[in-house]
2 protein chains.
Amino acid sequence: MAAQLDDLDRKILVELQADAEQSLDEIARKVGSSKTPVWNRIRRMKEQGVITRQTAILDAESLGLEACFFVLIRTSEHEADWQRKFLKTLRERPEVLEAHRLAGDIDYILKVRVKNARAYDTFYQALISEVKIYNVTALLSMEEIKATTVLPV
Amino acid sequence: MAAQLDDLDRKILVELQADAEQSLDEIARKVGSSKTPVWNRIRRMKEQGVITRQTAILDAESLGLEACFFVLIRTSEHEADWQRKFLKTLRERPEVLEAHRLAGDIDYILKVRVKNARAYDTFYQALISEVKIYNVTALLSMEEIKATTVLPV
DNA sequence: ACTGAAATAAGTACTCC
DNA sequence: GGAGTACTTATTTCAGT
């Protein structure tokens, strides 16, 4: 699954993660190469799935999404049918930004972005009405210390 | 802090979040407008900070980052000096993708992406050697069910 | 694989409505 | 505030090394 990447590829990825709006010329200059090889490598990395997509990152506060919760979920149900329904709900709800199935004591963790605590409660009520959940702990974020999409390459 | 956005602004944000590589013409067509207003609105939203930046999203697996941990941290220290050092450490470490200060029982939550469990342990040892921490629980992700940068607009 | 240049397409700015 | 258009700049392709 891990792609073969050389130093030049990695330098290009650093630049694209920092700012995907830079022109090819600019990226080429920064990584010490020229347009064509940079372009060919970007194309190859897109084909290989190393570069998934290019997106605009928005400021949650500006959109009025001022509350962020991490939700720890324990469940008693582990049947295929229950899980399918649960996962479907998570994928469909736009306020769920992340969802992971965990090893150990806690079964799932979610990251949920909403307008305020009331909106979280609405989400929570909807979630537990759709699927049976044994135990839920919501952790309220007071301060986003760091949030980056930049992976170390 | 919340910006005033109309329907057209929101439609543009939907498109930019879905795929920031689309041309202005394409976005204009999809949102039912023309180049000039779309361009002016994008520029305005960048100035206002609604659009933070544009970035390439990479596939963690392709980069060999196969392990993801959520780290719950309790601390006995709440002095300004300790906190400054702790936050500095988190911001400097590229494997820490997210860090939030929480309300309640648990003080901090981190999202950490590393190559494997051994790499996590290296990170953990480095962290606790730099700052005094009362209690740490690491939750290992078995499966990334959902991970999106798309905010509901 | 990289260089350089040519062809195509997109971004930017201006005028008019 | 939006449409149309002219101008500038970037992306993409291709021949040559």
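Chain naming here is simple, since letters A, B, ... match the order of the sequence lines and numbering starts at 1 in each. The figures that follow rest on heavy atoms only: side chains count, while hydrogens, waters and symmetry mates do not.
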Legend entry - D:dG1 phosphate, OP1 or OP2, under 4.0 Å from B:S33 side-chain N/O: no
Legend entry - Distance in angstrom units between A:L24 CG and C:dA7 C1', rounded: 16 Å
Inset, instruction - Would you mind reading off the distance between A:I42 atom CD1 and C:dC2 atom P, rounded to a whole angstrom? - result: 13 Å
Inset, instruction - Looking at every strand, decide which applies to B:R41 at a 4.0 Å heavy-atom threshold: base, sugar-phosphate, or nothing. - result: sugar-phosphate
Inset, instruction - Could you tell me the separation between the CE atom of B:M45 and the P atom of D:dG1, rounded to a whole number of Å? - result: 13 Å
Legend entry - Distance, rounded to the nearest Å, where A:R29 contributes CZ and D:dA10 contributes P: 11 Å
Inset, instruction - Taking all heavy atoms of B:E130 and all of B:T89, pick out the closest pair and write down the distance. - result: OE1-OG1, 3.3 Å
Legend entry - Atom-to-atom span, CG of B:D25 to C1' of D:dG2 - whole angstrom: 15 Å
Legend entry - Value rounded to 0.5 Å, distance of CD1 in B:I145 from CD in A:E98: 11.0 Å
Would you list the protein and nucleotides 13-17 of chain D atom pairs, both N or O, that sit under 3.5 Å from each other?
none

Inset, instruction - Using a heavy-atom cut-off of under 4.0 Å over every strand shown, decide if A:P37 touches base, sugar-phosphate, or nothing. - result: base
Legend entry - Aromatic ring proximity, centroids under 6.0 angstrom, A:Y124 and A:F69: no
Inset, instruction - Evaluate the ring planes of A:Y120 and A:F123, with Trp represented by its six-membered ring, and classify them as parallel (under 30°), tilted (30 to 60°) or perpendicular (over 60°). - result: tilted
Legend entry - Distance below 4.0 Å between B:S34 side-chain N/O and D:dG2 OP1 or OP2: no
Inset, instruction - Tell me, yes or no, whether the heavy-atom count around A:Q4 atom CD, taken from other residues, nucleotides or ligands under 6.0 Å, exceeds 12. - result: no
Legend entry - Between D:dT11 (P) and A:I12 (CD1): distance, integer Å: 13 Å
Legend entry - Spacing of B:I27 atom CD1 relative to C:dA9 atom P, expressed in whole Å: 18 Å
Legend entry - Option from A:T55, A:T149, A:D59 for which side chain to side chain donor-acceptor pair (under 3.5 Å) with B:R53 holds: A:T149
Legend entry - Spatial distance of atom CD1 (B:I73) from atom CG (B:L110) [nearest 0.5 Å]: 4.0 Å
